[in-house]
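Okay, structure first, notes after.
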Protein chains: 2
Amino acid sequence: MTNIRKVAELAGVSVATVSRTLRSPDVVSPATRDKVLQAVNEAGYKPNLMAVRFRSRRTHNLVVLVPTIANTFFARVISGIQEAAQERGYGVLLCNTNGHEETEATYASLVTTRQADGVIQLRAYNPFPEDADSDGTPLPMVNACEVLDDAPCPTVKLDNRAAARLLTEHLLALGHRRIGMIKGPRRSPLTRDRVAGYRDALEAAGIALDESLICPGDFTPRSGYEAAGTLIARAEPPTAIFCESDEMAIGAISCLKQAGLAIPGDISVAGFDDIDFASYSDPPLTTIAQPAEAFGKQAVAMLIDVLERRHQGEPHRMLPHELVIRGSTGEPAT
Amino acid sequence: MTNIRKVAELAGVSVATVSRTLRSPDVVSPATRDKVLQAVNEAGYKPNLMAVRFRSRRTHNLVVLVPTIANTFFARVISGIQEAAQERGYGVLLCNTNGHEETEATYASLVTTRQADGVIQLRAYNPFPEDADSDGTPLPMVNACEVLDDAPCPTVKLDNRAAARLLTEHLLALGHRRIGMIKGPRRSPLTRDRVAGYRDALEAAGIALDESLICPGDFTPRSGYEAAGTLIARAEPPTAIFCESDEMAIGAISCLKQAGLAIPGDISVAGFDDIDFASYSDPPLTTIAQPAEAFGKQAVAMLIDVLERRHQGEPHRMLPHELVIRGSTGEPAT
DNA sequence: GAGCCAAATGTAACCGGTTACATCACACCG
DNA sequence: CGGTGTGATGTAACCGGTTACATTTGGCTC
């Protein structure tokens, strides 16, 4: 392995000069710089980054904790993270937690064992009960997408409440009065905000909330399929269903069609996320578009700001959403 | 930062003893072992893994080169990689190449700069023209899913030719004689094998190949949508379409329905991969199921075998496929 | 009791960089 | 001409572990 000493020898200078030539070229004279660079080339020298990082106490790696990468939305967020990280010279260590908190804790320890500089978590769960490293310094972390209420770190999220309200208002405007909701797992702040937005809209329209129209799911098509089955089995079934993810909406549609219902003729369905498949569903899904890649990029930018001690201003950001109206929602049957 | 010397001091032993207690507990006496472990606990000591790895010249990281993580199939493969790697104590450095070869080369250099021990690539592209490190040692690499013909490394793939033949035979058995194909990008070995399987089946059935029925796509729903449009605009349109991915099949179905065609009444559609959405499409997709997660696990196992010099036997593996018949294929209209 | 061996532990070199500090050459000034 | 400041380079300590080799200890044999 060619190391810095070989290069130094080859160039006839000291190792310090080689190091300086590569790290801060401006402090060495042009003549030596050329000599060193030529020697570097000749020797095919590449610095051993493990050594560099060990010495500089910076790994240039970010851990990403994601509940499941198999979810289309998260896949897009990760794409954004990946791209932004690469641009700034950071690597991405992926951790698919599958919701196991212990797995998350394991991966978060990558930071305390100096394998990564910081954590981006895409789920509201604080893997650090103490919220601090053993020596009291807070863990560099950014919380994106699903955000803790009192997150002790920068956050990026959607205004889920406003978005859910917007979508519900769209359904109300079409004339729906009984609107079902397939929400996410209980206890999730994201779901809670969206349910709040749904309530806001109903309340503003003077419609009483019917708890029996709210069904939990887990963001998979299967859970949407099952929840839709439950909803239409009600004595007074809804005329529209608001699903908290496009995946669940697609599952729901599959169930409704099998039950012989026309969409949106008999029942309207709306989703959330605007994944690729939303446009190709039959009928195409009305949904809330989220800037998934932007979440990733923003999260990386914020985390690196923290890491590089550029603590400027407001660490909580909201990204914009947009209502995309397609064919799966329409006026209720009279 | 608590380091090994503090622990040694606390336990009243030398640093070597501490190191040995943690790495090879069997060579230290039970009494000292207990002393050391207690000191480790007391000090809240965690080894600095950057130092460990630097010294031991093993990063315990694997780079994964993936064309696009936004593809559902790859997301599942990565899930498998992730899980298997974690089990064996390796981290996963993700590289979403978006098909840019230069990006791949950048990431592959993570290995030469000692940031990762090996590479798993999910696409047939050799980022190392020289196929070797500068000092002549071959790069630890495994090629999975889409595999180079003459891959100089272990590989895991599907028997794409047989799978495509199987699916085509299913369509032939239903009575189809004009079968369109929406394939992947040109030059891809994966696509070439699948086209070969399609040909095999047609040939065996005594049907002449009509090149105009083969349309290229890029595995996205959009490209499936567009290719389907092209196919049905032919003078003699096909009565069935075989898509090389479920994503494209879903796009194709969307296009066909918009054109007023019933599926499978007027035209059958089959996919490949058996992604989650395949079951929830309308109609549900007939497709070839691939063990996506197993690809990931297998690739990790093989790569670690290479890394740990356990070079045993046959380094090329095929995973099984399965024809899943659902509602999107049926007999042609008479 | 001397001699020997094995097991347990300590000492210190080493991995490959970075960087604080020392050194040196040289120009400029009063 | 001595003093001083500046820019370029060299020397060597250091990061936090691992491990080859040296040393110590104690049990066993003859």
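Proteins get letters first, then strands, A, B, ... in listed order; numbering begins at 1 in each.
The existence of a salt bridge linking B/Glu146 and B/Lys157 is excluded, since no basic side-chain nitrogen approaches an acidic carboxylate oxygen closer than 4.0 Å.
Side-chain N or O atoms of B/Asp117 include one that pairs as donor or acceptor with a backbone N or O of B/His60 at under 3.5 Å.
At whole-Å resolution of the value, CZ in B/Arg33 and C1' in C/dA7 are 13 Å apart.
If you walk DNA chain D from 5' to 3' and mark each nucleotide with an atom closer than 4.0 Å to a heavy atom of chain A, the marks span D/dA8 to D/dG16.
A/Ile4 pairs in a side chain to side chain contact (heavy atoms under 4.5 Å, CB included) with only one of the listed residues (A/Leu22, A/Val40, A/Val18), which is A/Val18.
Among the heavy atoms of the strands lying under 4.0 Å from B/Arg23 are primed sugar atoms or P, OP1, OP2 only; no base atom is included. Contacts of B/Val18 with the nucleic acid, taken as non-hydrogen atoms under 4.0 Å apart, are absent. Residue contacts for B/Ser19: at a heavy-atom cut-off of 4.0 Å it reaches a base atom on one of the strands shown. Backbone-only contact: B/Arg57 has heavy atoms under 4.0 Å from sugar-phosphate atoms and none from a base.
Ranked by how close their nearest DNA chain C nucleotide is to the 5' end, A/Val15 and B/Thr32 are led by B/Thr32. Residues B/Ala16 and A/Lys46 both approach DNA chain C. Their nearest nucleotides, taken by heavy-atom distance, put B/Ala16 toward the 5′ side. For the pair B/Phe54 and A/Ser29, both in contact range of DNA chain D, the more 5′-proximal nearest nucleotide belongs to A/Ser29.
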Result block: side-chain N/O donor-acceptor pairs under 3.5 angstrom for residues 62-75 of chain A, not counting sequence neighbours:
| from | atom 1 | to | atom 2 | distance (Å) |
| --- | --- | --- | --- | --- |
| A/Thr68 | OG1 | A/Ala70 | N | 3.1 |
| A/Asn71 | OD1 | A/Phe73 | N | 2.8 |
| A/Asn71 | OD1 | A/Phe74 | N | 3.2 |
| A/Thr72 | OG1 | A/Glu247 | OE2 | 3.0 |

For this session: Applying side-chain hydrogen bond (donor to acceptor under 3.5 Å, both in side chains), run through A/Gln115 and B/Arg53 and close with a yes or a no.
Result: CA-CA 10 Å; A/Gln115 295 181 72; B/Arg53 291 169 176 196; 2.7 Å; yes
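A/Thr220 and A/Asp218 are linked by a side-chain donor-acceptor pair at a separation below 3.5 angstrom, with hydrogens and angles left out of the test.
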